[in-house]
Amino acid sequence: MIIQLQNNISEAEKHQLLTAVSAIKYKSTEVRTRQGYYLVCIGKEEFDIRSIGSLSGVRDVHRVSEAYKLVSRKWKVGSTHIDLGDGLTVGGGNIALMAGPCSIENEKQVERIIAHLVKNNIRIMRGGVYKPRSSPYAFRGLGLEGLQMFSGLCREHGIKVITEVMQVSQVEEMYDYVDVYQVGARNSQNFNLLDALGKVDKPVLLKRGMSGTIDELLQSAEYIFSGGNEQLMLCERGIRTFENAYRNTFDINAIQVLKDKSHLPVIADPSHGVGIREYVPAIALASVVAGADGVIYEVHEVPEEALSDGQQTLNFHESEQLIRQIRSLQLI
Ligand code: PEP
Ligand code: MN
């Protein structure tokens, strides 16, 4: 059960409410975000919902039987919009496009990609500086210095920065330089990291784990929300299946299912979802038709020379074509 509290609920009213909740043998957790104040209650007993809803200080009560609660559409029917500032929002109609290299490599690379984004009116740039790599000998990113350079150049052009955070200590370190924290597939169930991201006042894009179920993704999102951060986006980036003709199996079903189960925006990542450049545009378009609120994809001036994920990265020409196609879909 989710109890939405009046923001100005008094201590006496709260005490009365907590007494009523423990009388029906429910355990409660208080959640305060910038947008709201909630009591998330877990229990099994049958009870008359009016006995809680009629108490003073209570705005609304909802029964949510799923393990995830605050991210569920069962209590919030309207969709969540994420405000990135400067008139940029994710969710609520427009398709948000986020593009950039897998890894930030050097200043020249970033400048060229920014010019490509500016030319095509894309205002969110992705780029990793802490790279989770299967091999410890592979390029693992430029770290904080790289992020400072990346972020500085983006800010000169009014472009928002999304980059992956891999561990708790980086949340604070990266804070001044990011607009959206990305949680990668490998960290989708790093609960300490999710807790830490619940405490920041910047949006988070949470990717589905490599073998993560939809339910697990939503429960991971619940960690961040219940920690106090409502500014969340979910990301379908493909899952590992028996199929090995491509890198991952992009789960197109997940887009509709996530949109149905949750009020959070859903972003598609066709680059990691299929892992082969030629197929990326078609999967990106399919995801938009399936209802995605945005697309995040990899682009590089010379993908063949990219330090990571070049095989799934679009060149500028391919990227431009994809942007045009996505925008023309929106006109239909
Ligand atoms: C990435 O976005 O470059 C990345 C590492 O993605 P994922 O976590 O989905 O593998
Ligand atoms: Mn990548």
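Sequence positions, counted from 1, serve as the residue numbers for this chain. In each ligand, atom 1 is the first atom listed, and ligand 1 is the first ligand listed.
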With a cutoff of 4.0 Å, is M210 in contact with ligand 1, counting heavy atoms of the residue only? no

What protein heavy atom is closest to atom 8 (O) of ligand 1, reported as residue, atom name and distance in Å? A185 N, 2.7 Å

For the side chain to side chain donor-acceptor pair (under 3.5 Å) test, which of R112, H116, E305, E105 pairs with H300? E105

Could you tell me whether R208 and D251 make a salt bridge, using a distance below 4.0 angstrom between a side-chain N and a carboxylate O? yes

Using a strict cut-off of 4.0 Å, indicate which atoms of ligand 1 neighbour a heavy atom of E298. 3 (O)

protein heavy-atom neighbour closest to atom 5 (C) of ligand 1 works out as E164 OE1, 3.7 Å

With heavy atoms of R126 as the reference, note each atom of ligand 1 found under 4.0 Å away. 1 (C), 2 (O), 3 (O)

Closer than 4.0 angstrom, basic N to acidic O: yes or no for K202 and D176? no

Relative to the heavy atoms of R237, which atoms of ligand 1 are at a distance of less than 4.0 Å? 7 (P), 9 (O), 10 (O)

Looking at Y68, I want to see if its OH is surrounded by more than 12 non-hydrogen atoms of other residues, nucleotides or ligands under 6.0 Å. yes

Would you please determine whether C102 falls within less than 4.0 Å of ligand 1 on a heavy-atom basis? yes

E11 with K14: basic N within carboxylate O range, under 4.0 Å: yes

min-distance protein heavy atom vs atom 4 (C) of ligand 1 -> H272 NE2, 3.4 Å

Closest to the Mn ion (ligand 2), among the N/O/S atoms of H272, is atom NE2

Once you round to the nearest 0.5 Å, how far does CG of L70 lie from NZ of K76? 10.5 Å

Lys/Arg-Asp/Glu bridge criterion (N-O < 4.0 Å) met for K261, D215: no

How far is atom 7 (P) of ligand 1 from its nearest protein heavy atom, and which residue and atom name does that atom have? K207 NZ, 3.5 Å

Look only at interatomic distance and state if R247 has a nitrogen or oxygen under 3.5 Å from any nitrogen or oxygen of ligand 1. no

Apex the Mn ion (ligand 2); atoms E298 OE2 and D309 OD2; angle rounded to 10 degrees: 120°

Do D269 and ligand 1 have an N or O pair less than 3.5 Å apart? no

Side-chain H-bond candidate by donor/acceptor type, Y130 with E164, under 3.5 Å: no

Give the atom numbers and elements of ligand 1 that come within less than 4.0 Å of a heavy atom of G184. 8 (O)

T33 and E230: side chain to side chain donor-acceptor pair (under 3.5 Å), yes or no, with the steps? CA-CA 7 Å; T33 69; E230 290 193 30; 2.4 Å; yes

